[in-house]
Asks: 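Below: one structure in structure tokens.
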Amino acid sequence: MASAKKILLTGVTGQVGTELYAVLQNIGEVVPTIAPGEKFAGAALTMDLCDPNAITRVVHEVKPDIIVNPAAYTAVDKAETDRELTTAINSAAPGILAQLAHQTKATLIHYSTDYVYPGQGECRYTEESATGPLNHYGASKLEGDQAVMANGESCLIFRTSWVYGIIGNNFVKTMLKLGKDRPTLKVINDQIGAPTFARTLADITAMILAQGGRDLYHYGKTHRGVYHLVNGGETSWWQFACKIFELARLHGYEGAVQEVLPISTAEYPTPAKRPHNSRLNCDKLGEHFGLRPSHWEAALAWAMPQILRQMS
Ligand SMILES: NC(=O)c1ccc[n+]([C@@H]2O[C@H](COP(=O)([O-])OP(=O)(O)OC[C@H]3O[C@@H](n4cnc5c(N)ncnc54)[C@H](OP(=O)(O)O)[C@@H]3O)[C@@H](O)[C@H]2O)c1
């Protein structure tokens, strides 16, 4: 395994960034960056992804071999009105990072979303499927993917879905918090996808970087492109919620929640439209890297005690 690589990591305070910060230490020297005003328990450089000059300055200062970019504007509903900021972070910044990575011969790892697809039917989208985002967040992420592919040379994009981590706000924690006091919860049952543990994303990223070894830049050129990366299987938000409470109770969770009722998307209107079908086919990841993420239920079972500990 290569050990002298320098890795510039964005979004280190986020769900995926936190996990990446831990596992990428096995690959090289990680230089974390944070948004202005953000706090991080350790040394980190400030790099505002809305500021192209700041991005350029930090990349030239650090001279990384690898740039890993999990940072994003992820507030899907707020993005509908906060369009300028969303576009700067999700569309423009990835393109700038790709351009700088290309100029400095660094490999870029970027993350994207199932929200780039139109979400109709019941097929599993492949990386070749037609895109067609339903909301501004999805459109901004798609523009980011396109900017990476237009400017990058050694670059991999991982499209994922329904992410939850130990830290940060996510569906698992929201359910556990609401279930503490409320005997009945209503959860959407007509959106299907794969919940994905942030650590799965970090582990697979680290394995792929390790596979690239000494000539990672060439490896990234050879495998350049978009890959789906989600935990295995599929479920609805309602089934996911039921499994969350089942597993939490095994670990001593004592919530007031007695029943979780399935509802339709129409019964829970949100500012941003969501896709009904978020199924992503991960065969390409297996074919290129020989890796297959664990089933979502196994990942959740592994994550649950850690999430409960963090929330206590
Ligand atoms: N969460 C999901 O369900 C989901 C689903 C599909 C795909 N994804 C994708 O997966 C990736 C990781 O998502 P996540 O869940 O880890 O997101 P997250 O927890 O919201 O973390 C996002 C990170 O980006 C940072 N950031 C935001 N604006 C910034 C700026 N102007 N300059 C520098 N940093 C900034 C945030 O810093 P602050 O804490 O200071 O804001 C935070 O550290 C993203 O590309 C996302 O689009 C996520």
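We count ligands from 1, going down the list as the structure has it; atoms in each ligand are counted the same way.
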Asks: For atom 32 (N) of ligand 1, grab the closest protein heavy atom and report residue, atom and distance to one decimal in Å.
Replies: Leu49 N, 3.0 Å

Asks: Mark up the atoms of ligand 1 that fall under 4.0 Å of a heavy atom belonging to Val16, in ascending order.
Replies: 12 (C), 16 (O)

Asks: Which protein heavy atom lies closest to atom 21 (O) of ligand 1, and at what distance to 0.1 Å?
Replies: Gly14 CA, 3.3 Å

Asks: Which residue holds the protein heavy atom closest to atom 10 (O) of ligand 1, what is that atom called, and what is the gap in Å?
Replies: Tyr111 CB, 4.0 Å

Asks: Does some non-hydrogen atom of Tyr137 fall short of 4.0 Å from ligand 1?
Replies: yes

Asks: Go through ligand 1 atom by atom and flag the ones less than 4.0 Å from a non-hydrogen atom of Asp48.
Replies: 30 (C), 31 (N), 32 (N)

Asks: Within the side chain of Arg159, is there an N or O that forms a donor-acceptor pair under 3.5 Å with the backbone of Val230?
Replies: no

Asks: Is the closest heavy-atom distance from Ser112 to ligand 1 below 4.0 Å?
Replies: yes

Asks: Provide the closest heavy-atom pair for Ser236 versus Asn189 in the form atom of the first, atom of the second, distance.
Replies: OG-OD1, 2.6 Å

Asks: Judged on heavy-atom distance to atom 23 (C) of ligand 1, which of Pro94, Ser140, Pro195, Ala71 sits nearest?
Replies: Ala71

Asks: Could you report the tightest heavy-atom contact between Pro94 and Asn69, atom names first, then the distance?
Replies: CG-ND2, 4.3 Å

Asks: Which atoms of ligand 1 sit under 4.0 Å from any heavy atom of Val163?
Replies: 1 (N), 2 (C), 3 (O), 4 (C), 5 (C), 48 (C)

Asks: Report, in ascending order of atom number, the atoms of ligand 1 lying under 4.0 Å from any heavy atom of Thr13.
Replies: 37 (O), 38 (P), 39 (O), 42 (C), 43 (O)

Asks: To which of Gly165, Ala35, Cys50 does the heavy atom nearest atom 29 (C) of ligand 1 belong?
Replies: Ala35

Asks: Carefully, step by step, assess Glu80 and Asn135 under the rule side-chain hydrogen bond (donor to acceptor under 3.5 Å, both in side chains).
Replies: CA-CA 7 Å; Glu80 290 299 303; Asn135 55 47; 5.2 Å; no

Asks: Hey, mind stepping through Tyr125 and Tyr117 against ring pair (Phe, Tyr, Trp, His ring centres under 6.0 Å) and telling me if it holds?
Replies: CA-CA 8 Å; Tyr125 288 105; Tyr117 299 111; 4.6 Å; yes

Asks: Just checking, is any N or O donor in the side chain of Glu267 or Ser264 under 3.5 Å from an acceptor N or O on the other one?
Replies: yes

Asks: So is Ser161 polar-close to ligand 1, meaning N/O to N/O under 3.5 Å?
Replies: no

Asks: My understanding is that we take every heavy atom of each candidate and find the minimum distance to atom 12 (C) of ligand 1. Doing that for Pro70, Pro36, Ala75, which one comes out nearest?
Replies: Pro70

Asks: My understanding is that only one of Arg224, His218, Lys221 makes a side chain to side chain contact (heavy atoms under 4.5 Å, CB included) with Ser154; could you say which?
Replies: Lys221

Asks: Counting from 1, what ligand 1 atoms have a heavy atom of Gln15 closer than 4.0 Å?
Replies: 1 (N), 15 (O), 16 (O), 19 (O)

Asks: If we only consider heavy atoms of Gly168, is any one of them less than 4.0 Å away from an atom in ligand 1?
Replies: no

Asks: Please state which protein non-hydrogen atom is closest to atom 22 (C) of ligand 1 and give its distance, to 0.1 Å?
Replies: Ala72 O, 3.6 Å

Asks: Considering the heavy atoms of Met47, write down every atom of ligand 1 situated less than 4.0 Å from one of them.
Replies: 32 (N), 33 (C)

Asks: Counting only nitrogen or oxygen atoms and a 3.5 angstrom limit, does Gly17 reach ligand 1?
Replies: no

Asks: Taking the six-membered ring for Trp, is the centroid-to-centroid distance between Trp162 and Trp296 below 6.0 Å?
Replies: no

Asks: Is there a side-chain contact (heavy atoms from CB on, under 4.5 Å) between Val187 and Phe240? Walk through the geometry before answering.
Replies: CA-CA 9 Å; Val187 182; Phe240 184 24; over 6 Å; no

Asks: Identify, by atom number and element, the atoms of ligand 1 in contact range of Lys141, meaning under 4.0 Å from any of its heavy atoms.
Replies: 44 (C), 45 (O), 46 (C), 47 (O)

Asks: Is the closest N or O pair between Thr113 and ligand 1 shorter than 3.5 Å?
Replies: no

Asks: Among all protein heavy atoms, pick the one closest to atom 6 (C) of ligand 1 and tell me residue, atom and distance.
Replies: Thr160 O, 3.3 Å

Asks: Which pair of heavy atoms, one from Glu254 and one from Lys180, lies closest together, and at what distance?
Replies: O-NZ, 3.8 Å

Asks: With a 4.0 Å cut-off on heavy atoms, does Ile89 reach ligand 1?
Replies: yes

Asks: Could you tell me, atom by atom, which parts of ligand 1 come under 4.0 Å of a heavy atom of Glu38?
Replies: 38 (P), 39 (O), 40 (O)

Asks: Flag yes if more than 12 heavy atoms outside Arg249 fall under 6.0 Å of its CZ atom; otherwise flag no.
Replies: yes

Asks: Crowded around Lys78 NZ? As in, over 12 foreign heavy atoms under 6.0 Å?
Replies: no

Asks: Return a yes/no value for Thr74: is any of its N or O atoms, backbone included, closer than 3.5 angstrom to an N or O of ligand 1?
Replies: yes

Asks: Locate the shortest heavy-atom distance separating Ala194 from Ser161; write the atom from each residue and the value.
Replies: O-OG, 2.8 Å

Asks: Are Lys284 and Glu127 within salt-bridge range, i.e. N to O under 4.0 Å?
Replies: no

